[in-house]
Amino acid sequence: NFEKMSMKDVRVNRTGVVVLGTIGICVLLFLLYCTRGHYTEEKIHMSELISASIFLAEEGGRRIVEIRKLKDSDIGQLSKGNTKEGASEYVTLGDKESHEIITSGLKSLWPRLRYQSEENDRELIEIKKPPKFNKEVMSVALRDEAVPLEAVTVWIDPLDATQEYTEGATDPELLKYVTVMVCIAIEGKPIAGIIHQPFIENPDGDVGITKWAWVGHGPSRTLVAAVNPQAANPEAVRVIVSRSHPGDVVDVAKKGFKDFKSVTPISAAGSGYKTLAVAEKNADLYFHTTAIKKWDICAGDAVLSTIGGRMTTRRGKGIDYSLGGDPKNNDGIVAAVTEEQHLEYLERLKL
């Protein structure tokens with residue numbers, strides 16, 4: 001009977017083993033296929049992210065212009081404190097609503113997309129999904145990289161040059177310094193930069209112009225058209241510096257370039273505006289000696305990298321735009337439109 005059976009009495013059904021083994025292999029292959037499919041869904045096409053970011057930067061810029069038309073008492077100006085140099089830092093409704101438009105628009109398309117913004121404490125809002133297609137972006141997308149979503153960090157400055165924005169009602173000339181910036185970094189490296197100037201007239205005669213660049217693919221036509229055709233003077237250097245908190249930039253620059261015929265400081269506001277001045281060859285050097293937030297410089301870093309320029313710290317190190325850690329770059333910046341210029345300037349100004 002059954003109780004008296006031993007292991008010797010057990011016979012293995014080889015056909016059953018084969019069937020079970022085949023089923024196991026099929027289940028394993030199915031699981032691998034599903035996992036692979038899930039991984040593919042977690043990738044993001046750079047052309048789509050850049051296209052959406054351009055659209056949202058422009059939408060944020062339009063809202064900034066609308067808010068600036070209000071009375072000064074209605075733009076929601078608040079102080080966030082002072083910079084290291086003692087200049088006041090402000091936030092307005094323009095900053096907040098531009099941030100909401102950009103972050104909510106990106107999240108509507110890619111809910112798990114990671115970003116770092118100057119106004120990170122704002123809530124997301126309901127917004128119509130932005131388009132993921134831009135004709136000009138696609139024209140340079142010779143190879144449209146699809147990258148893992150977890151490798152991407154988007155750095156957002158919803159309104160750069162806020163102080164000048166607050167003063168724009170009494171001095172409209174200051175509004176030229178205002179920009180909206182979006183930067184896309186992969187594994188900490190800036191790959192695409194969008195700089196929208198909401199108060200600058202575009203070639204169509206409307207207000208608002210966007211300049212962008214995608215590393216390895218090229219710059220926008222608007223950026224190319226803005227480049228100053230006049231050659232720079234190799235015996236002179238034009239240094240663009242902050243109008244509100246220049247610190248010791250001018251003194252350090254004059255010391256570093258003491259053998260040059262001239263060192264001309266250009267007073268300006270906003271990191272986006274200053275970087276564009278270098279990219280467009282209206283300034284030779286963007287020099288900053290103190291700490292600066294990464295959302296202020298990431299887009300400009302990508303723009304310069306695309307056109308053959310370079311931005312580093314004063315120690316000559318590239319800036320890491322990975323998410324997490326200190327959002328500040330504490331070692332200043334040296335930025336130039338060519339690598340040769342950058343190397344020369346760095347030797348004269350490095351820490």
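One distance of note links CD1 of Ile191 with CE of Met46; it measures 6.5 Å at 0.5 Å rounding. Lys261 contributes atom NZ, which lies 4.0 Å from atom CD of Glu235 (distance to the nearest 0.5 angstrom). Rounding to the nearest 0.5 Å places CD of Glu164 at 11.5 Å from CD of Glu173. A distance of 6.5 Å separates CG in Leu49 from CG in Leu106, rounded to the nearest 0.5 Å. Remark: Ile333 CD1 to Tyr286 OH distance equals 4.0 Å, nearest 0.5 Å. For the atom pair OG of Ser242 and CD1 of Ile266, the computed distance is 13.5 Å after rounding to the nearest 0.5 Å.
Here Lys189 pairs with nothing under the side chain to side chain donor-acceptor pair (under 3.5 Å) rule; sequence neighbours left out. Take Lys132 and apply the salt bridge (Lys or Arg N to Asp or Glu O under 4.0 Å) test, not counting sequence neighbours, and it matches Glu48. The side chain to side chain donor-acceptor pair (under 3.5 Å) check on Asp320 picks up Ser322, with sequence neighbours excluded. Looking at residues two or more places apart in sequence or on another chain, you find a side chain to side chain donor-acceptor pair (under 3.5 Å) between Ser220 and Thr222. In this structure, Lys135 has no salt bridge (Lys or Arg N to Asp or Glu O under 4.0 Å) partners at least two apart in sequence or on a different chain. The ring pair (Phe, Tyr, Trp, His ring centres under 6.0 Å) test applied to Trp214 returns His217, not counting sequence neighbours.
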Sequence neighbours excluded and cut-off under 3.5 Å, please list the side-chain donor-acceptor pairs for residues 64-74, or say none.
unit_1, atom_1, unit_2, atom_2, d
Glu66, OE1, Arg63, NH1, 2.9
Arg68, NH1, Asp72, OD1, 3.4
Arg68, NH1, Tyr165, O, 2.8
Arg68, NH1, Thr166, O, 3.2
Arg68, NH2, Asp72, OD1, 2.4

Less than 3.5 Å apart, which donor and acceptor atoms pair up between the side chains of residues 274-284 and the rest of the protein, not counting sequence neighbours?
unit_1, atom_1, unit_2, atom_2, d
Thr275, OG1, Ser271, O, 2.8
Glu280, OE2, Lys211, NZ, 2.8
Asn282, OD1, Asn228, ND2, 3.3
Asp284, OD1, Arg238, NH2, 2.9
Asp284, OD2, Arg238, N, 2.7
Asp284, OD2, Arg238, NE, 3.0

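Taking 4.5 Å as the limit, some side-chain heavy atom of Met311 sits within range of a side-chain heavy atom of Ile297. Under the 4.5 Å side-chain criterion, counting only non-hydrogen atoms from C-beta, Pro327 is not in contact with Lys294. No side-chain heavy atom of Ile319 sits under 4.5 Å from any side-chain heavy atom of Thr312. Counting heavy atoms from C-beta on, the side chains of Ile54 and Glu58 come closer than 4.5 Å. Taking 4.5 Å as the limit, every side-chain heavy atom of Phe199 sits out of range of all side-chain heavy atoms of Lys176. Residues Leu159 and Val180 have side chains not in contact (no heavy-atom distance under 4.5 Å, counting atoms from C-beta outward). Proximity of Ser47 to Met138: side-chain heavy atoms (C-beta onward) are separated by under 4.5 Å at one or more points. Counting heavy atoms from C-beta outward, Trp155 and Lys293 have side chains that stay 4.5 Å or more apart.
Within the 3.5 Å criterion, the main-chain N or O of Gly94 finds a donor-acceptor partner in the side chain of Thr92. Listed for the Arg114 side chain is a donor-acceptor partner under 3.5 Å among the backbone atoms of Glu150. Under the 3.5 Å distance criterion, the side-chain polar atoms of Asp248 are left unmatched by any main-chain donor or acceptor of Asp251. For the pair Asn329 (side chain) and Ile292 (backbone), a donor-acceptor distance under 3.5 Å is absent. Using a distance-only test at 3.5 Å, with no hydrogens or angles considered, a donor-acceptor pair links the side chain of Glu136 to the main chain of Arg221. Ser305 places no side-chain N or O within 3.5 Å of a backbone atom of Ala302 that could act as its donor or acceptor partner. Here the side chain of Asp331 pairs no donor or acceptor atom with the backbone of Arg314 at under 3.5 angstrom. In this structure, the side chain of Lys107 engages the main chain of Leu113 through a donor-acceptor pair within 3.5 Å. Remark: side-chain polar atoms of Ser262 are not paired, donor with acceptor, to backbone N or O of Thr264 under 3.5 angstrom. Counting only distance, with no hydrogens or angles, the side chain of Thr170 and the backbone of Glu167 share a donor-acceptor pair below 3.5 Å.
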Could you check Val182 against Leu56 for side chain to side chain contact (heavy atoms under 4.5 Å, CB included), going step by step and ending with a plain yes or no? CA-CA 9 Å; Val182 181; Leu56 291 167; over 6 Å; no

Pair Lys96, Val91 - check side chain to side chain contact (heavy atoms under 4.5 Å, CB included), show working. CA-CA 8 Å; Lys96 295 174 182 178; Val91 63; 4.1 Å; yes

Go through Ile44 and Val147 one step at a time and tell me if the side chain to side chain contact (heavy atoms under 4.5 Å, CB included) criterion holds. CA-CA 5 Å; Ile44 187 168; Val147 299; 3.7 Å; yes

Would Val178 and Asp160 count as a side chain to side chain contact (heavy atoms under 4.5 Å, CB included) if you check the C-alpha gap in whole Å, the side-chain angles of each, and the deciding distance to 0.1 Å? CA-CA 6 Å; Val178 174; Asp160 193 31; over 6 Å; no

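Note on Trp110: it does not cluster hydrophobically with Leu323, by side-chain heavy-atom contacts below 4.5 Å among ILVMFWY residues. Under the 4.5 Å side-chain heavy-atom criterion for grouping Ile, Leu, Val, Met, Phe, Trp and Tyr, Val303 is not connected to Val215 through any hydrophobic cluster. In this structure, Leu124 is a member of the same hydrophobic cluster as Ile127, with clusters built from ILVMFWY side-chain heavy atoms closer than 4.5 Å.
Listed here is the closest heavy atom pair of Pro130 and Leu109: CG-CD1, 3.5 Å. Pairing each heavy atom of Val207 with each of Pro198, the nearest pair is CG1-O, 2.8 Å. Gly256 and Arg348 get closest at one heavy-atom pair: O-NH1, 3.0 Å. For Asp157 against Trp295, the heavy-atom pair with the smallest separation is CB-O, 3.5 Å. Nearest heavy-atom pair, Asn330 versus Asp326, reported as atom, atom and distance to 0.1 Å: ND2-OD2, 3.4 Å. The two residues Pro219 and Thr306 make their nearest non-hydrogen contact at N-CG2, 3.9 Å.
Connectivity analysis of hydrophobic side chains (ILVMFWY, heavy atoms under 4.5 Å, direct or indirect) links Phe260 to Val237, Val239, Val241, Val249, Val250, Val252, Phe257, Val263, Leu285, Phe287, Val334, Tyr345, Leu346, Leu349. Grouping Ile, Leu, Val, Met, Phe, Trp and Tyr residues whose side-chain heavy atoms lie under 4.5 Å apart, directly or via other members, places Ile209 in a hydrophobic cluster with Ile200.
Under 3.5 Å, the side chains of Tyr321 and Asp301 contain a donor-acceptor pair of N or O atoms. Between the side chains of Thr179 and His196, no donor-acceptor pair is found at a separation under 3.5 Å.
Screening residues 152-237 for disulfide (SG to SG under 2.5 Å) gives Cys183-Cys298 as the qualifying pairs, with residues at least two apart or on separate chains. A disulfide (SG to SG under 2.5 Å) check over residues 307-351, counting only residues at least two apart or in different chains, returns nothing.
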